[in-house]
2 protein chains.
Amino acid sequence: MTSSSKKKATIYDLSVLSGSSPSTVSAVLNGTWQKRRIKESTAELIRNLAETHQYTANRQARGLRSSRSGLIGLLLPIHDNRYFSSMAQTFEAHVRSKGQCPIVVSASRDPKEERKTAETLISYSIDELFICGATDPDGVHEVCEAAGLKHINIDLPGTKAPSVISDNYEGGRMLTEAIIRHFQATGPLEPHELYLFGGRNDHASRERIRGFRAVKNELLGADPDECIQPTGYAPNNARLAFEAFYEKHGKLPRGLFVNSSINFEGLLRFMAGHPHENFADLVVGCYDYDPFASFLPFPVIMIRQDVEGMITKAFDVIEEARPQPRIHLIQPELVQPRTALTGPLDALKDIE
Amino acid sequence: MTSSSKKKATIYDLSVLSGSSPSTVSAVLNGTWQKRRIKESTAELIRNLAETHQYTANRQARGLRSSRSGLIGLLLPIHDNRYFSSMAQTFEAHVRSKGQCPIVVSASRDPKEERKTAETLISYSIDELFICGATDPDGVHEVCEAAGLKHINIDLPGTKAPSVISDNYEGGRMLTEAIIRHFQATGPLEPHELYLFGGRNDHASRERIRGFRAVKNELLGADPDECIQPTGYAPNNARLAFEAFYEKHGKLPRGLFVNSSINFEGLLRFMAGHPHENFADLVVGCYDYDPFASFLPFPVIMIRQDVEGMITKAFDVIEEARPQPRIHLIQPELVQPRTALTGPLDALKDIE
DNA sequence: AGTTCTTGCACCATCGATTGTGCAAACAAG
DNA sequence: CTTGTTTGCACAATCGATGGTGCAAGAACT
């Protein structure tokens, strides 16, 4: 019934109502009115009209004219995982605090999909793009470069744009060492009793594996190749790998380095089909943190990547005038079993 | 060095190159060229030019003219939770398959933030809005209505727009009954030994509580008020409630109905500060599914809401010509302890 | 009173695509 | 050869906001 039942008000509507020109209205409502020497009283009038008519600028029009949209994009491999979802949560908070609009999209770890998604985002004139965990960061870089779009890699590095990533080598070392030390009470571990499952041939996995092997050599004196099982990230592939091992040896290795919480889900699927007791002496290290996983009935040592630190650093770097394509390492954190850490959610107020 | 080093190509650039008018180029590239009786050979020429110059339409311009953007929005309370992140994952897949662009944003369960976020999305001319778990769905409705934007509620219902939600009453009943039955082997449960923690005064919590109380009455013969502890959704508030109970009674109730996985994190935080053995006879029912939680050292019975079903239904309903503001109930699923279900991730291929 | 500033705003082109309309050239019909 | 018809496209307005430029009215100054 009110004016709200009509279509959205534009500066032209307000121009008619206020008796001033559209450009005056525009200037008043986007804050450049002082520069244009608009009278305070005129501004006041227009501001009131805008208020009562619930004016909000059409950002497509603004973006078209100014070739900036106010959108900042985050390209994720997937949503459904605590690591990436906390990335999204943290990213949003940062973008909001800059007064811009976050837009989070996933591309399923598919290089083609990654490029296509970047293209799409670019066609909406996003202002910056954060490329997180991309399978082919340099491919996405080409697309961004061609469009003159500022961008940065997170989690997995590229060679042509700056990257902010976890120190996966150090993290891999920490985690491996923690697993080994955990057995010092019960009984020393043999080299072939500590396996790594999951991950694929990406930078993060390679670095973690490098750390894993180095520490095994240092502490256990050997590092057999067969202890490395990069099964990819799909839970079911990881499950099959565990099944195969179990089939062959009648048990799991006592020590497991699981490359991500997604792979860990593969371990759960395996376990669901086997009696509980088979895993009495199991110790798992997982390169990711999930609060529930931390409380499982066997010791689970986890790595929490410093998402807040990475996002903060990424914003710093992307703001630089001429960001160099170098890699910034962020230290991850070792989390002992049965630890419930706070996360980005704790920053939110809980109403009522 | 190539044309890619310049700015993005427009229909005007292609118009010059091809010797035809911008409108012809536009028609060819957006598929309406048959209707405009453009010669096949002309179309072919333009298509090739577009290809070699990597033309992609500026969607802000297109959106401005056609007042449609190709964007479909999902408004979430938070990202960092398996329920909502699987919602995002599923939503994305659906939107992609319709050839549109998903845009997922969270609003922190804050009614003001919800409305502001909806406003922002509207200013980008999104085509549809899925409002998931909003604290004030009717407030968001007003905003959408004023802009003539199609919208639908998910997870928490509103009174003015169609809603697709879980059957929380039935889910609450199922979960409560499963908890009680779990004690039949060990020893029957007294009414005051089964508590509900978490949630607040929202529709979902109310329905679950209603189911909880009904089943307690039916099976245990009583339903004391003090067994209902709606602590809100913040993990720390839940933790404090558990601490308080423990302080007073020296133990936790044997049976716990936890209203969401976020509240469950509060229980973990509590447990981190207390010895393992205190929870030997504990049975937890959690209204949410998380694969890791399902394998905790005490029996955890979970409810998995049918996210795929809800999203599918929501798309059906929003596509209707005149969607009615009624509520569509989707049945959730009871998940026994130590169960690793597949999720939206399993639909993705794992390259390498 | 005449000149020069300053104030306060209006005008208009522009961003890139869409779409209703108009109109030549080619062709067919009479 | 004249009068329709069809084919194939060009023209121009439009979406809503932005920002450079220009200009009248009033103030300040000589």
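Residue numbers start from 1 in every chain, and the chains themselves are labelled A, B, ... in the order their sequence lines are given, proteins ahead of strands.
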Calculate the interatomic distance between [X] atom [atom1] and [N] atom [atom2]; express it in whole Å.
X: B:L64; N: D:dT18; atom1: CG; atom2: P; value: 12 Å
X: B:N58; N: D:dC15; atom1: CG; atom2: C1'; value: 13 Å
X: B:R59; N: D:dG16; atom1: CZ; atom2: P; value: 21 Å
X: B:I11; N: C:dC15; atom1: CD1; atom2: P; value: 12 Å
X: A:K39; N: D:dA25; atom1: NZ; atom2: P; value: 15 Å
X: A:Q60; N: D:dA17; atom1: CD; atom2: C1'; value: 12 Å
X: A:E40; N: C:dG8; atom1: CD; atom2: P; value: 11 Å
X: A:Q34; N: D:dG19; atom1: CD; atom2: C1'; value: 17 Å

Under-4.0 Å salt bridge between [X] and [Y]:
X: A:R115; Y: A:E142; result: no
X: A:E119; Y: A:K116; result: no
X: A:K98; Y: A:E319; result: yes

Reckon [X] has a side-chain N or O less than 4.0 Å from the OP1 or OP2 of [N]?
X: A:S26; N: D:dT18; value: yes
X: A:R62; N: D:dT18; value: yes
X: B:S21; N: D:dA10; value: yes
X: A:T10; N: D:dC15; value: no
X: A:N30; N: D:dA17; value: no
X: A:Y55; N: D:dA17; value: yes

Review point. Want to settle it: does A:L29 or B:I38 sit nearer the 5' end of DNA chain D, counting the closest nucleotide to each?
Key: B:I38

Exercise for review: Flag the pair A:I311 / A:I154 as yes when at least one side-chain heavy-atom distance between them is below 4.5 Å, and no otherwise.
Suggested key: yes

**Study point:** B:Y83-A:D80 side chain donor-acceptor pair, cut-off 3.5 Å
**Key:** no

Exercise for review: Could you work out which one of C:dG8, C:dA17, C:dA10 sits closest to the side chain of A:R37?
Suggested key: C:dG8

Review point. Considering only C:dC15, C:dA17, D:dA10, which nucleotide approaches the side chain of A:R65 most closely?
Key: C:dC15

Review point. Quick one: the side chain of B:S23 and the base of D:dC11, do they pair up donor-acceptor inside 3.5 Å?
Key: yes

Exercise for review: Record whether the side chain of B:R36 comes under 3.5 Å of the base of C:dG20 through a donor-acceptor pair of N or O atoms.
Suggested key: yes

Practice item. Examine distances only and state if a side-chain atom of A:T312 and a backbone atom of A:E308 form a donor-acceptor pair shorter than 3.5 Å. Key: yes

Point to revise | DNA chain C: 5'-proximal contact among B:A61 and B:T32 (nearest heavy atom) | key: B:A61

Practice item. Classify the nucleic acid contact of B:G31 as base, sugar-phosphate or nothing, counting any heavy atom under 4.0 Å across all strands shown. Key: nothing

